[in-house]
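First the structure, in the form of structure tokens, and then the observations on it.
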Amino acid sequence: MSVSHPRAASAESCEPVPFIDLVAQYQTIKEEVKSAVDRCFESQTFILGDEVAALETEIAAYCDSQYAIGCASGTDALILALLAAGVKPGDEVITSPFTFFASAGAIHRVGAIPVLVDIEPDSFNLDPEKVEQAITSRTAAIMPVHIFGQCAEMEPLWRMSAAHDIPIIEDSAQAIGAEYRGRRTGVLGTIGCFSFFPTKNLGGAGDGGIMTTDDPDLAARLKRLRVHGDLGGYNHVEVGFNSRLDALQAAVLRVKLRHLDAWTEGRARNAERYCQLIEANGLSDVVKVPAILPDRRHVFNQFTTRVVGGQREKIMKSLKESQIGCAVYYPIPLHLQKCFAYLGYQPGDLPEAERACAEVMSLPIYTELPAAHLERVVEGISKALGRQANLVFPKAAAPAQRRAA
Ligand SMILES: *Cc1c(COP(=O)(O)O)cnc(C)c1O
């Protein structure tokens, strides 16, 4: 991986570079997955059961939480967490406008009002000052979203949470394994919510989600909310949901969890290589690489750059013509989504989120991305800008040097 190699031959440089390649990942774990799936079929237990309980124990250990409760999706994890935390119709919940729809969708779904506040331009995460300004007597929760795999700034949120007695619901859907000051996401708030959507860093073979908490009462409530509010023995103490995790998903996820840290290291290595190549080739005046904040472990669910000077569409069109994957997460901020028009936000209200939507471009980052393909991506950007003549591919830093840096 760290050896320098000659420029890719022309045949290879025409190969498509997919934005994500789950088939490549599957090839590395096929036998393990097959035997886990077989185990489920032999037991004919498909919903909850031992596999889910085992996954819950393993995720709790991974996140360093007391409890983990599986459910049907990341969206459901957010909904159940908001309800368990006592959010009621008409309450306000503060979250980011620059996230996947589900963050605010879940708030709406429990009858609460999404209060969208602007983001920090460097991390794309909630701006704590804006959160503070938005707190009212009706604020029932704060929902930071650890966008793209890097934790939000938590310390000021902890202060606000304690001062106003407001729970923090972490939207950790993109951030399993991410750390803030040495602590893992999932225990940075009252309840942590994770998604096992196939393209997340820990992705299942379908939908799935999990919630983490250190609070035994909240854990008990989350556990019954996912099974129609049943305490056990058809004793329904409240009306809940059918939001259970499948044993097959748990079995697959348990296999993948064993590889997660190695995959995360691969993502971080690719991110570092992009930064090196973008800098070395003088592209950083147009393509700004993501900021990696010093007190955090970024797990790179996405490698999201900012393309400045209005050149994003040109670059993306050119990359697509060369069959190089790239994507915009997210093109429309949530405060300007049609379904949230009733909230009354106008263009210009949250300028950093709007600017991010206009500038972001995510590049392929998965662990299995071949080194030559990663170089092709940078070459593609350079070509799009008409600068391809003087490309350089310096040797990747050796692992030891990287750690020292
Ligand atoms: C994926 C995602 C969700 C929703 O998870 P699902 O499992 O797809 O329901 C919520 N929030 C964020 C930030 C996400 O990226």
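Counting convention: from 1, in listed order, for ligands and their atoms alike. Index from 1, following the sequence.
For ligand 1, the atoms lying closer than 4.0 Å to a non-hydrogen atom of Val145 are 13 (C). Close approach of ligand 1 to Gly74 (heavy-atom distance below 4.0 Å) involves ligand atoms 5 (O), 6 (P), 7 (O), 9 (O).
By heavy-atom distance, the residue among Cys71, Ser73, Ala173 lying nearest atom 12 (C) of ligand 1 is Ala173. Of the candidates Ile79, Asp171, Ile147, Leu78, it is Asp171 that places a heavy atom closest to atom 11 (N) of ligand 1.
Backbone and side-chain nitrogen or oxygen atoms of Asp76 are examined, and none is located within less than 3.5 angstrom of a nitrogen or oxygen of ligand 1. Any N or O atom pair closer than 3.5 Å counts here, and Tyr330 shares no such pair with ligand 1. For a threshold of 3.5 Å applied to N or O pairs, the pair formed by Thr99 and ligand 1 contains no separation below that value.
If you take OG1 on Thr304 and CD1 on Ile147, they are separated by 8.0 Å, rounding to the nearest 0.5 Å.
The cationic group of Arg226 does not satisfy the cation-pi geometry with Phe241, failing either the under 6.0 Å distance to the six-membered ring centre or the 45° limit from the ring axis.
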Exercise for review: Walk me through it: do Phe98 and His335 pass the test ring pair (Phe, Tyr, Trp, His ring centres under 6.0 Å)?
Suggested key: CA-CA 9 Å; Phe98 187 67; His335 66 290; over 10 Å; no
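The only option from Tyr329, Phe124, Phe303 that meets the ring pair (Phe, Tyr, Trp, His ring centres under 6.0 Å) definition with Phe148 turns out to be Phe124.
Ring planes of His298 and Phe300: parallel class, angle under 30° (limits at 30 and 60°).
Scanning all protein heavy atoms for the shortest distance to atom 7 (O) of ligand 1 gives Ser195 OG, 2.6 Å. Among protein heavy atoms, the minimum distance from atom 14 (C) of ligand 1 is reached at Lys200 NZ, 3.1 Å. Counting protein heavy atoms only, atom 9 (O) of ligand 1 is closest to Thr75 OG1, 2.5 Å.
Heavy atoms only, all atoms of each residue included: Ile381 and Val287 are closest at CG2-CG2, 3.9 Å.
Counting heavy atoms from C-beta outward, Phe19 and Ser362 have side chains that approach closer than 4.5 Å.
Not a single heavy atom of His146 sits under 4.0 Å from any atom of ligand 1.
Neither side chain, Lys130 nor Gln133, offers a donor N or O lying under 3.5 Å from an acceptor on the other.
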